[in-house]
Amino acid sequence: MRISQKLSRIKPSATLAISSKAMELRAQGREIISLSVGEPDFPTPKHIREAAKQAVDEGFTRYTQVPGIPELRQAVAGYFADHYGVNAGPEATIVTNGGKQSLYNILQALLDPGDKVLIPAPYWVSYPAMVQLADGEPVTVPATADNGFKITPDDLDRAWTPGVRAMILNSPSNPTGAHYTQLEMDALADWALSKDVFIIADEIYDQLVYSPATPASLAPFWKRHPEHVAVCNGLAKSFAMTGWRVGFTLAHPDLVKAMAKIQGQSTSNICSISQKAAVAALTGPVDEVNHMREAFARRRDLVLGMVTSWPGVVCPKPDGAFYVFPDVSALYTEAMPDSTATCAMLLEEAGVAAVPGAAFGDDRCVRFSYALDDQTLVTALEKVGQAIVG
Ligand code: PLP
């Protein structure tokens, strides 16, 4: 079977090896705790589920407008007004099949063959592949644990070359949990503006920021410079709605039209029922979102306390998302020389699945998710601690 050359350049998901090994061990009867999950362990709030049921009962089950039903686009605009004081019309919004499709479509809409895209590393696994699928060239900009996994305008200056069309800025970050303050974000945006580099802001974890840190966004920057940034978000993480596939973007209406053109020729509208659920999520009560945030903040402290007690392990305090990304490279040996070998050892000896940092562009680290209940987290990390430090 002949598959395109373009696809042969795309790496398969590096997390698959670990999850298939975990499944194999489970099949042998071993108890495996997975700290590799990328989704909240909470159910979708009840009023959102009810709205979906109502949509089904009322027969709201047909094709809709490609960029989303008007009331949902209005609700998306309302999100940016409520949280960041940015007034935008619905024509500056689009609803996509998860945050993923927003990012994918923006890259398809913006890039010409060979255009370069700056990607701060550690990065979310899909960014380089998405850039390549849009015929672009990913250029990584490394950040390290010592500077809290954040890049600065100086780092960007060093990475910049002619031909850089865009950069991706993910805050709070998957995998590090690093969160840029509004000042830090604005400084990066000013740098991008000075170089005519378009910013793709991935803010999917913006509601999962832990006090005293406060949410930050490039939405206000978009208001000032609508041709220079697109702000992507979605309901998967903050509203515990991963399976519903609702993402959204705030962007210049021309870019929105371009994204809608791609959707119109590929996926069309997102699920009509999910759209009604999304309206309920964006316009309804947020007590459960607040409750989830409090739980994640507590677990962040719990997990960080355990991970940083392991000698030689360095882990900056994450201010958001639900991951820690410790640098475990001080523990590497000839027999366990990298993050993939470390995760294989953790799976075998501790019965805990984690994701190797190599998948995120940093082989010194491993990623643990804390989207699990407190007791399971403690049990899992005690086992990890015993396996790595004895
Ligand atoms: N961006 C980041 C940083 C993520 O971690 C994820 C999901 O893991 C997404 C985007 C995509 O989310 P979804 O497509 O489920 O809305």
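If you're wondering where the values come from, they're calculated on a predicted model, not measured in any experiment. Numbering of ligands and ligand atoms starts at 1, following listing order.
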Are side-chain N/O atoms of [X] and [Y] paired as donor and acceptor at under 3.5 Å?
X    : Y    : answer
D363 : Y332 : no
D327 : S329 : yes
T242 : E39  : yes

(request) Output the distance between atom CD1 (I204) and atom CG (N170), rounded to the nearest 0.5 Å. (result)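 Rounded to the nearest 0.5 Å, the CD1-CG separation comes out at 9.0 Å.
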(request) State the OG1-CZ distance between T176 and F360, to the nearest 0.5 angstrom. (result)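 That separation rounds to 10.0 Å.
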(request) Report all protein residues having a heavy-atom distance below 4.0 Å to some atom of ligand 1; order the list by chain, then number. (result)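 Shell around ligand 1 (4.0 Å, heavy atoms): G98, G99, K100, W124, Y127, N170, N174, D202, I204, Y205, A236, K237, R245.
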(message) Going by side chain to side chain donor-acceptor pair (under 3.5 Å), S217 matches just one of E203, Q182, H83. Which one?
(response)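 Among the candidates, only E203 passes.
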